2 protein chains.
Amino acid sequence: MVAQRGRRNGAAAKRTRTPAAPDADNAPTAEMPAVAEAAGADPEARAKSIPEAAVARLAVYLRVLSGMADQGSTTVSSEELSNAAGVNSAKLRKDLSYLGSYGTRGVGYDVAVLIGHIERTLGLTRQHKVAVVGIGNLGHALANYGGFPGRGFPVEALFDIDPDLIGVPVGGLPVSHIEDIPAVCTERQISIGVVATPPTAAQSVCDRLVAGGVQCILNFAPVVLQVPEHVEVRKVDLAVELQILSFHVARRADSEMNGSVTGNGVVVP
Amino acid sequence: MVAQRGRRNGAAAKRTRTPAAPDADNAPTAEMPAVAEAAGADPEARAKSIPEAAVARLAVYLRVLSGMADQGSTTVSSEELSNAAGVNSAKLRKDLSYLGSYGTRGVGYDVAVLIGHIERTLGLTRQHKVAVVGIGNLGHALANYGGFPGRGFPVEALFDIDPDLIGVPVGGLPVSHIEDIPAVCTERQISIGVVATPPTAAQSVCDRLVAGGVQCILNFAPVVLQVPEHVEVRKVDLAVELQILSFHVARRADSEMNGSVTGNGVVVP
DNA sequence: GCCACTTTGTGCCTGCGTTCACAAATGGCT
DNA sequence: AGCCATTTGTGAACGCAGGCACAAAGTGGC
Ligand SMILES: NC(=O)c1ccc[n+]([C@@H]2O[C@H](COP(=O)([O-])OP(=O)(O)OC[C@H]3O[C@@H](n4cnc5c(N)ncnc54)[C@H](O)[C@@H]3O)[C@@H](O)[C@H]2O)c1
Ligand SMILES: NC(=O)c1ccc[n+]([C@@H]2O[C@H](COP(=O)([O-])OP(=O)(O)OC[C@H]3O[C@@H](n4cnc5c(N)ncnc54)[C@H](O)[C@@H]3O)[C@@H](O)[C@H]2O)c1
């Protein structure tokens, strides 16, 4: 019996939206009451009503389930799965209920069936081709990482501005020049662009990706990108992550300032 | 006064809901919001009441402000700053109000003063030493990254299990063996541990970091880490980020499936 | 010194996300 | 066949966070 209960760890990235059109912004979560009519036999239609936060968790459940499937499990209860995913079991059930009633009461969920439904809901039945821009420290790591292709996100284009890098294969794929971003992305049907350039270059690179028809951008540069309304941006900002941790350290150090010490960085009187 | 409310770790508290709710008047939300209550004038004490989401934004404001300071700006209005940070101006003002009233009505905020207050609130006045474990693709990128030390997060220890890596300097720092994690972390007063190992090794590495007195962990491995209550974990999961983007692509493709096309990956009829 | 203008700080309302608790469904056991 | 243990699915409550709108507070012009 595991006494350990749910850890928190929130989502790491933040969505940004262009402040250009304050009137029509109407965040992705449909403004329409939408009522989520039960008649929705269409799983795709149902997708519209899934809360953003739940989508992030579904991805986590999916990975846990994949691990369980590899281990030979065929069914799993909400309690088990929620424990492995680090969330409350009620929340897990509610999340799963967004994609329909695919569990069996008294038994649990069929692992394979659940995997299929989550994949379909997250749009993982199609492949999403990825381009990485900025093949420096981080770009190299991303290009060499084997975990993406295996999950339906093949890296199919690399770009940089450095003449010494152009044509050099990284992770088996030659680097192209950023001038060619629009043409190459259009031609290869790239749908996700990853920005790993220095912050100063990020916006111009982003513009080229958009010109190439890319629909989503994953941004590692510490800047707020401006994009058209139809492009989705997610930001991964390590400096912010560290600063949030720093805040918690400070908060704890403050409330515990009476001798007892649980970690480094605190003076022991 | 510690007052550890607010966290969700609802440990044992069974809290059966009685309709009458005789326990306290905390049920009606209309009453005094209890936040910002007895928080004295002490800025550190006030930190406890800052919402998690606001902390993340404060870190973003801080970076924008630093850029403005470098550019010579001395004051900034909430409108300007919120634009640059990509948020609503009212939200920004509310976030800043958590750290006190340090703006001047009719003028705006003094950039330098604001930077100082945010830094103090986030605990950036002290340095937070960082250790990176798993010096592979990602670990190398992190170890070589110059952006962390400049912001008060010096990388002061590297660890791996690969004998070929031990002793090799990466980014000017030699790699140590993971066996030495507890000793080295304790000795060098490491407060933040970064896990960049394969997922299978992540939990054991995490345990060693905790044994070394590390207070926070930034986890890049796609697993849910189990840690004692006093350790804070944040997870950066690129696969999840991509899957969230994938969901949005699927959703958009679904709602727009009538010829008009705004990006790649959609068949044009 | 007064007035008009700017901008902050915040009370209030709305809506989302989380949690609880329980009825309904289901399988296994006697 | 009937009952019990188990587990799902969800209605309802609760609390946090976001956003509007306005009073308070300050600046600068005249
Ligand atoms: N390395 C890390 O661990 C890390 C951590 C956090 C954030 N980041 C951020 O990720 C980004 C990349 O970091 P990095 O360490 O890989 O930097 P890097 O300097 O190693 O690599 C940057 C790459 O971008 C290329 N580049 C420069 N200008 C370009 C342009 N206009 N168009 C296309 N490519 C261009 C450079 O040639 C170089 O190859 C930075 O914004 C950094 O702040 C990196
Ligand atoms: N590279 C990326 O772009 C990327 C992207 C997303 C997620 N990740 C995750 O980050 C982690 C690291 O990725 P990577 O690409 O750097 O992998 P990698 O294989 O290049 O590096 C892993 C490193 O960890 C070391 N290691 C193995 N077992 C260890 C142990 N028990 N203790 C300490 N070190 C050990 C290995 O020697 C190696 O140096 C993985 O969990 C991966 O899923 C990486």
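From a predicted model like this one, the values you see are computed outputs, not experimental measurements. Reminder, nothing fancy here: chain letters follow the sequence lines and each chain counts from 1. We use all heavy atoms of the structure for the numbers below, so side chains are in, but hydrogens, waters and symmetry mates are not.
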Whole-Å distance separating the [atom1] atom of [X] from the [atom2] atom of [N]:
X      : N      : atom1 : atom2 : result
A/L114 : D/dG9  : CG    : C1'   : 14 Å
B/Y98  : C/dT8  : OH    : P     : 17 Å
B/D95  : C/dT10 : CG    : P     : 13 Å
B/K91  : C/dC16 : NZ    : P     : 14 Å
A/D110 : C/dT26 : CG    : P     : 15 Å
A/R93  : C/dC20 : CZ    : C1'   : 10 Å
A/R57  : C/dT19 : CZ    : C1'   : 12 Å
B/L96  : C/dT7  : CG    : C1'   : 13 Å

Is it the case that the side chain of A/H128 and the backbone of B/L245 share a donor-acceptor pair, with hydrogens and angles ignored and the cut-off at 3.5 Å?
no
Check for a donor-acceptor pair, side chain of B/Q243 on one end and backbone N or O of A/L122 on the other, with a separation under 3.5 Å.
no
Looking at [options], which one has an atom nearest to any side-chain atom of [X]?
X      : options                : result
B/T104 : D/dC20, D/dT10, D/dG26 : D/dG26
B/P51  : C/dG9, D/dA17, C/dT26  : D/dA17
A/R105 : C/dA21, C/dA24, D/dG18 : C/dA24

I need the B/F153 CZ to B/L218 CG distance, nearest 0.5 Å.
10.5 Å
B/Y102 OH to B/I118 CD1 distance, which is reported to the nearest 0.5 Å:
12.0 Å
Under 4.0 Å, heavy atom to any atom of DNA chain D: which of residues 69-81 of chain B qualify?
none
Where B/Y109 and B/G103 come nearest, the two heavy atoms and their spacing
CD2-CA, 3.4 Å
Which heavy atom of A/F247 sits nearest to which heavy atom of B/V55, and what is that distance?
CE2-CG2, 3.6 Å
Ignoring hydrogens and geometry beyond distance, is the side chain of A/K94 in donor-acceptor contact with the base of D/dT10 at under 3.5 Å?
no
Could you tell me whether the phosphate oxygens of D/dA17, OP1 or OP2, come under 4.0 Å of any side-chain nitrogen or oxygen in B/N88?
no
At under 4.0 Å, does any side-chain N or O of B/Y102 touch on OP1 or OP2 of C/dT7?
no
Between A/A53 and B/G108, whichever has its closest DNA chain C nucleotide further toward 5' is B/G108
B/P228 side chain near B/V231 side chain, heavy-atom distance below 4.5 Å
yes
Could you tabulate the donor-acceptor pairs under 3.5 Å formed by side-chain atoms of residues 58-66 of chain B, not counting sequence neighbours?
residue: B/Y61; atom: OH; partner: B/D95; partner atom: OD2; Å: 2.7
residue: B/R63; atom: NE; partner: A/P222; partner atom: O; Å: 3.3
residue: B/R63; atom: NH1; partner: A/D237; partner atom: OD2; Å: 3.3
residue: B/R63; atom: NH2; partner: A/D237; partner atom: OD2; Å: 2.1
residue: B/S66; atom: OG; partner: B/L62; partner atom: O; Å: 2.9

Are B/R234 and B/E52 close enough for a salt bridge, meaning some N to O gap below 4.0 Å?
yes
Using five pairs at either end of the helix from C/dG1-D/dC30 to C/dT30-D/dA1, determine the angle between the two local helix axes and round it to 10 degrees.
0°
Between B/R120 and B/T125, a side-chain donor and acceptor under 3.5 Å:
no
